[in-house]
Colleague: 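The structure's right below; bear with me while I get my questions together.
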Amino acid sequence: CDRRQRQMCIRDRQQLGVQEAELSAEHVNAIIDKICHHATALSVTAKDKYADQITQTTLNTIQKQINDNVRRLMSL
């Protein structure tokens, strides 16, 4: 997404969280930010801790799945 589309996605997910889950926009953002942080940390840990055991292809697959999951969260 370009910056404008990303801002629209952010507003949409905030609205959904506020309406459906009855959360504040700040709480919705905190949840998604936390998920993104943990997903990134998982990828970094896998690369650092298991570099000799996990192939680059597998790391790329894991990272792609993380990115896809984040994209799906952003599109809610």
Side-chain angles (χ1 to χ4, degrees):
C1 294
D2 65 22
R3 183 181 179 139
R4 183 171 172 226
Q5 289 172 324
R6 182 168 166 74
Q7 289 173 337
M8 289 171 53
C9 290
I10 291 168
R11 282 193 302 270
D12 290 345
R13 76 167 189 229
Q14 287 172 339
Q15 185 177 16
L16 182 66
V18 169
Q19 290 175 348
E20 298 296 325
E22 299 179 357
L23 299 172
S24 68
E26 293 82 15
H27 194 173
V28 172
N29 287 336
I31 290 168
I32 293 176
D33 289 345
K34 187 174 183 177
I35 290 168
C36 292
H37 170 76
H38 288 294
T40 300
L42 173 65
S43 183
V44 169
T45 298
K47 187 175 183 177
D48 290 346
K49 200 169 185 180
Y50 303 105
D52 296 334
Q53 299 171 23
I54 300 175
T55 66
Q56 188 61 47
T57 301
T58 300
L59 286 173
N60 291 342
T61 299
I62 292 168
Q63 188 62 55
K64 181 183 180 308
Q65 290 174 340
I66 290 170
N67 293 344
D68 290 346
N69 289 338
V70 169
R71 237 185 324 278
R72 280 194 284 280
L73 282 171
M74 298 297 286
S75 69
L76 293 177

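Just so it is clear, the values below take in all heavy atoms, side chains as well, and ignore hydrogens, waters and symmetry mates. Please read all numbers here as calculations on a predicted model, not as lab measurements.
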Colleague: Just to verify, what does Thr55 make a side-chain hydrogen bond (donor to acceptor under 3.5 Å, both in side chains) with, not counting sequence neighbours?
Modeller: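 With neighbours one apart ignored, the set is Thr58.
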Colleague: Excluding sequence neighbours, so at least two apart, what forms side-chain hydrogen bond (donor to acceptor under 3.5 Å, both in side chains) with Lys49?
Modeller: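 Once residues adjacent in sequence are excluded, Lys49 has no partner under the side-chain hydrogen bond (donor to acceptor under 3.5 Å, both in side chains) criterion.
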Colleague: What's the shortest heavy-atom distance between Ser24 and Val18, and which atoms?
Modeller: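 Looks like C-CG2, 4.0 Å.
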Colleague: What pairs with Asp48 under side chain to side chain contact (heavy atoms under 4.5 Å, CB included), at least two apart in sequence or on another chain?
Modeller: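 Applying side chain to side chain contact (heavy atoms under 4.5 Å, CB included) to Asp48 gives Val44.
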Colleague: Please name all residues satisfying side-chain hydrogen bond (donor to acceptor under 3.5 Å, both in side chains) with Gln15, sequence neighbours left out, ordered by chain then number.
Modeller: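 Gln15 satisfies side-chain hydrogen bond (donor to acceptor under 3.5 Å, both in side chains) with no other residue.
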Colleague: Suppose we screen for side chain to side chain contact (heavy atoms under 4.5 Å, CB included). Which residues come up paired with Ala30, at least two apart in sequence or across chains?
Modeller: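 Not a single residue meets the side chain to side chain contact (heavy atoms under 4.5 Å, CB included) criterion with Ala30.
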Colleague: Tell me which pairs pass salt bridge (Lys or Arg N to Asp or Glu O under 4.0 Å) where either residue lies in residues 28-42, with sequence neighbours left out.
Modeller: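 Counting only pairs at least two positions apart or across chains, no salt bridge (Lys or Arg N to Asp or Glu O under 4.0 Å) contact touches residues 28-42.
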Colleague: I'd like to check the side chain to side chain contact (heavy atoms under 4.5 Å, CB included) partners of Gln63; sequence neighbours left out, ordered by chain and number.
Modeller: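 Checked Gln63 against side chain to side chain contact (heavy atoms under 4.5 Å, CB included); matches are Ser43, Ile66, Asn67.
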Colleague: Tell me, please, which residues at least two apart from Ile31 pass side chain to side chain contact (heavy atoms under 4.5 Å, CB included).
Modeller: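 Here the qualifying residues are Leu23, His27, Ile35.
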Colleague: List the residues meeting side-chain hydrogen bond (donor to acceptor under 3.5 Å, both in side chains) with Asn60, not counting sequence neighbours, and say none if there are none.
Modeller: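 With neighbours one apart ignored, the set is Gln56.
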